[in-house]
2 protein chains.
Amino acid sequence: MMELTRKGEYAIRGIVYLAKQPAGKVVLVSEVAEATGVSQTFLAKIFQNFAKLGLVNSFRGTGGGFLLGRLPSRITLRQVVEAVEGPIIPNRCLTEEGACTRESLCMVHPVWRKIQSEVASILDAVTLEDLAKEKK
Amino acid sequence: MMELTRKGEYAIRGIVYLAKQPAGKVVLVSEVAEATGVSQTFLAKIFQNFAKLGLVNSFRGTGGGFLLGRLPSRITLRQVVEAVEGPIIPNRCLTEEGACTRESLCMVHPVWRKIQSEVASILDAVTLEDLAKEKK
DNA sequence: TTACTATGATACAAAAAAAGTGTCAAGTAT
DNA sequence: ATACTTGACACTTTTTTTGTATCATAGTAA
């Protein structure tokens, strides 16, 4: 339970690499892939996800590549994770309203809701600016 | 991310059903399975997990079945979930110490650790006694 | 225009995990 | 003995994850 998938891990590695670049620097997926040790084609798909959501901007053709879509301080870890893994949902019941008819399950329901909001707020509190800092 | 599997859901339904029984009452898996709408063979495996950990006691043969291994107030939701899903680990890095060599990842590390402990404490705070209460 | 480069979209394939079944052994009651 | 019920374990099916391949699209440069 609660595991971040490899995709989510790669997504973080990749976008943190972008966040570490000088502002305005455009980098290739191939470079990011090599630097982070992730398959290039897989990472490319992840970055396309980011691009659709505006987390990164992309440019095609010679000299093309990716850069952050906004300031690192304006991109949260939650946005990154949800971009590739979908919304934080600890239990299927939270997905569809009214789908949970079982008494026993409904007592559990508020617990999952609490977990959901706790985790969301923890991830909301961390930005790419934080993550891009070198460890001392 | 963060989804409880069906197995975890079944586990909760099943053991909550046990918690709702009169103290000392032994019930068959088949009964629990039918009442909770879970495949009997699948639920049986889940209950065997519980039995190994002492969350439930089991009796074989005619008149056999399952009952809670201790008071509902002494069984936490965390114990139930971990019994079938394994320990709460939001990121693979937390599994093996020293497996995380990547700078970018290591900045993320403490965040997952925080999530882990938050979720654990939320689940620790809920017991089967709470869950067995009828909803008003 | 033509060639080259890099992302975008989408379909496909392989691997891993989850979900579920089946068989037989072991213990218990009548 | 016989019927009943859990225990252990191997096996199958389904779903999800992970990754690859192909071609389209757009931009750059000669």
Side-chain angles (χ1 to χ4, degrees), chain A residues 1-15 18 25-34 36-69 81 83-87 89 91-92 95, chain B residues 1-15 18 25-34 36-69 81 83-87 89 91-92 95:
Chain A
M1 174 195 190
M2 304 262 328
E3 278 200 58
L4 189 67
T5 64
R6 214 161 296 201
K7 193 168 159 193
E9 204 176 308
Y10 294 168
I12 297 171
R13 282 196 214 167
I15 204 166
L18 286 191
K25 172 97 181 284
V26 175
V27 298
L28 299 176
V29 209
S30 54
E31 179 186 332
V32 182
E34 181 161 19
T36 56
V38 178
S39 142
Q40 176 175 340
T41 53
F42 199 25
L43 189 64
K45 270 205 309 194
I46 292 170
F47 271 32
Q48 284 173 25
N49 264 332
F50 287 158
K52 273 184 204 152
L53 295 165
L55 295 185
V56 304
N57 289 330
S58 64
F59 302 97
R60 296 204 250 196
T62 310
F66 294 87
L67 46 70
L68 286 191
V81 170
V84 295
E85 306 249 34
I89 296 172
N91 188 290
R92 295 164 209 274
T95 331
Chain B
M1 172 193 190
M2 305 263 326
E3 279 200 55
L4 189 68
T5 63
R6 212 162 300 198
K7 194 168 158 194
E9 204 175 308
Y10 294 167
I12 296 172
R13 282 195 214 167
I15 205 167
L18 285 192
K25 170 96 181 286
V26 175
V27 299
L28 299 178
V29 209
S30 54
E31 179 186 333
V32 182
E34 180 160 21
T36 56
V38 176
S39 142
Q40 175 175 339
T41 52
F42 198 24
L43 190 64
K45 268 204 312 189
I46 292 170
F47 272 31
Q48 283 174 23
N49 264 331
F50 288 157
K52 273 184 207 153
L53 294 165
L55 295 184
V56 304
N57 288 331
S58 64
F59 303 96
R60 296 204 251 197
T62 310
F66 294 88
L67 46 71
L68 286 191
V81 170
V84 295
E85 308 249 33
I89 296 172
N91 188 289
R92 296 165 210 271
T95 329

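A note on names: the letters A, B, ... follow the listed sequences, proteins ahead of strands, and every chain is numbered from 1. These figures come from a predicted structure and were not determined experimentally.
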From the options D:dT18, C:dA6, D:dT6, select the nucleotide whose nearest atom is closest to the side chain of B:L28. D:dT6
Is there a side-chain contact between B:V32 and B:F66 in this structure, where contact means two heavy atoms from C-beta onward sitting under 4.5 Å apart? no
Between A:L55 and A:L68, does a side chain to side chain contact (heavy atoms under 4.5 Å, CB included) hold up when you go through it step by step? CA-CA 6 Å; A:L55 295 185; A:L68 286 191; over 6 Å; no
Do side-chain atoms of A:E85 reach the backbone of A:T5 as a donor and acceptor pair under 3.5 angstrom? yes
Between CD on residue A:E31 and OG1 on residue A:T36, distance to nearest 0.5 Å: 10.0 Å
D:dG7 P sits how many Å from B:F47 CZ, rounded? 11 Å
Separation of D:dT16 atom P from A:E3 atom CD, nearest Å, is 17 Å
Find out whether B:V56 and B:L67 are in side-chain contact, i.e. whether some heavy atom of one side chain is under 4.5 Å from a heavy atom of the other. no
Tell me, which of residues 48-57 of chain B have any heavy atom that sits under 4.0 Å from an atom in DNA chain D? B:Q48, B:K52
Using a cut-off of strictly less than 4.0 Å, decide whether A:S58 has a side-chain nitrogen or oxygen near OP1 or OP2 of C:dG8. yes
Rounded to whole Å, CG of B:L43 lies from C1' of D:dG7 at a distance of 15 Å
Passes side chain to side chain contact (heavy atoms under 4.5 Å, CB included), B:V27 versus B:K25? Steps please. CA-CA 6 Å; B:V27 299; B:K25 170 96 181 286; 3.9 Å; yes
Give the B/S/- string for nucleotides 20-30 of chain C, one per nucleotide from 5' to 3', where a protein heavy atom under 4.0 Å of the base yields B, of only the sugar-phosphate yields S, and otherwise -. BB----BBBS-
What is the distance, to the nearest angstrom, from the NZ atom on B:K7 to the P atom on C:dA17? 13 Å
At what distance, to the nearest 0.5 angstrom, does OG of B:S39 lie from OH of B:Y10? 7.5 Å
Tell me, do A:L18 and A:F47 make a side-chain contact under 4.5 Å, heavy atoms counted? yes
